[in-house]
Amino acid sequence: MYDIIIIGAGPAGLTAAIYARRASKSVLVLEALSYGGQIINTPDIENYPAVPHVSGFVFATKVYEQAQELGAEFVYEKAVGIRDNGGTKTVVTTENEYEGKAVIIATGSENRKLGLPNEADLVGRGVSYCATCDGAFYRKKVVAVVGGGNTALEDALYLADLAETVYVIHRRDAFRGDESTVSALKQRDNVKFVYNSTITKLNADKRLTSIEVTDKDGGVSTLEVNGLFVAVGRIPENQNFAEIIKLDDAGYVAAGEDCITNAPGIFAAGDNRTKSVRQLVTAAADGAVAATEAVRYISSLTA
Ligand code: NAP
């Protein structure tokens, strides 16, 4: 029996482990793959306070070691469900079952991919899923943003301040995101809109060099770009817990800034929770809040 079981060893889960251990709770962290979450793919983090430059791998390793040194236990198994036994919860993995008094779900979310053959190989070499993380590498360069939601529009606006030219490529001629952001983008001379089009090929010579764009009538053109920012939505990794906790329409855990879900004793932290700013610093903050709330919940069981 653990005090707190944390599902996911990304920045939110690892920070929750640090806070829970510092509150003298026994902690099990379950992770399906390897520690670090999606930040591990970021070559250079420039926006974490007091840390001007650090690779995602180094950052994640330091947080992991910190949690381990404080006494968190790690088991590499995929959690596939939670059973609520009233006072305790059982987390079911592909191999075992673990019992805890409280559970923190910190499974993150995954960027939706375009699904092009060499897309994964070019991440960090021209292809990015995070303009605020990687935009600074494209000062005075030519970039494209693909997507029509608020993320794509805000990414394009952010990049328009840095890059020489920003192509906004959308598969329809009407944007899903806010009209005010569309209007702001239309004021920018260096933003060019490519409507009714999808990206059908990524051309590369070690790095991305150009993209093939196909319009709805089948017309094919090539755009020379240094960078491509993919912002076609995210897929939260909550499907395995949908029976026990309430999700919002987009599949995120319906929990506010206190990280409390509809199920007493089950908390959500990080990118898998309903929120507007999904960044490393907000994931870490969620970890601290969720662990603190979990500790408070455990105290209430014995009060
Ligand atoms: P989103 O709203 O789901 O938009 C995804 C966009 O990608 C859509 O325009 C969609 O096209 C397009 N798309 C999806 N799959 C595609 C594919 N395979 N190829 C090409 N295009 C594809 O995602 P999001 O922009 O990440 O936003 C997620 C949520 O966060 C939204 O609720 C958004 O409002 C919110 N958000 C809010 C803020 C803010 O409040 N400041 C900032 C960012 C995000 P279609 O339109 O044709 O479906």
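Each ligand, and each atom within it, is numbered from 1 in the order the structure gives. Here the structure is a predicted model, which means the values were calculated and not measured.
At a 4.0 Å heavy-atom cut-off, ligand 1 does not touch R234 at all.
A donor-acceptor pair shorter than 3.5 Å can be found between the side chains of N96 and E77.
By the 4.0 Å heavy-atom criterion, H170 is counted among the residues contacting ligand 1.
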Query raised in the report: Could you go step by step and tell me if D271 and Q38 meet the side chain to side chain donor-acceptor pair (under 3.5 Å) rule?
Result: CA-CA 10 Å; D271 280 9; Q38 59 174 316; 2.8 Å; yes
Report task. Evaluate the side chain to side chain contact (heavy atoms under 4.5 Å, CB included) criterion for residues V142 and Y167: first the C-alpha distance (whole Å), next the side-chain angles of each, then the deciding distance (0.1 Å), finally the verdict. Result -> CA-CA 8 Å; V142 179; Y167 293 103; 3.7 Å; yes
Report task. Begin from the C-alpha positions of K101 and L301 and carry the test side chain to side chain contact (heavy atoms under 4.5 Å, CB included) through to its verdict. Result -> CA-CA 9 Å; K101 294 176 187 162; L301 292 177; 4.3 Å; yes
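Looking at V232, T181, L116, it is V232 that brings a heavy atom closest to atom 5 (C) of ligand 1. For atom 3 (O) of ligand 1, the nearest non-hydrogen atom from the set G177, A174, G233 comes from G233.
Distance screen at 4.0 Å: atom 24 (P) of ligand 1 has a protein heavy-atom neighbour inside the cut-off. Within a 4.0 Å radius of atom 10 (C) of ligand 1, the protein contributes one or more non-hydrogen atoms.
Taking every non-hydrogen atom of R172 and a distance limit under 4.0 Å, the qualifying atoms of ligand 1 come out as 45 (P), 46 (O), 47 (O). With ligand atoms numbered from 1 in the order given, ligand 1 contributes 6 (C), 7 (O), 8 (C), 9 (O) to contacts under 4.0 Å with heavy atoms of G148. Close approach of ligand 1 to E154 is summarised as follows: ligand atoms under 4.0 Å from at least one heavy atom of the residue are 38 (C), 39 (C), 41 (N), 42 (C).
Ring geometry, Y64 versus Y35: the interplanar angle falls under 30°, so the pair is classed parallel (tilted spans 30 to 60°).
Ring pair H170/F193: centre-to-centre distance not below 6.0 Å.
A salt bridge does not link E65 to K62: none of the charged side-chain nitrogens sits closer than 4.0 Å to a carboxylate oxygen.
Closest protein heavy atom to atom 48 (O) of ligand 1: R176 NH2, 2.6 Å.
By the 3.5 Å distance cut-off applied to N or O atoms, T151 is counted among the residues near ligand 1.
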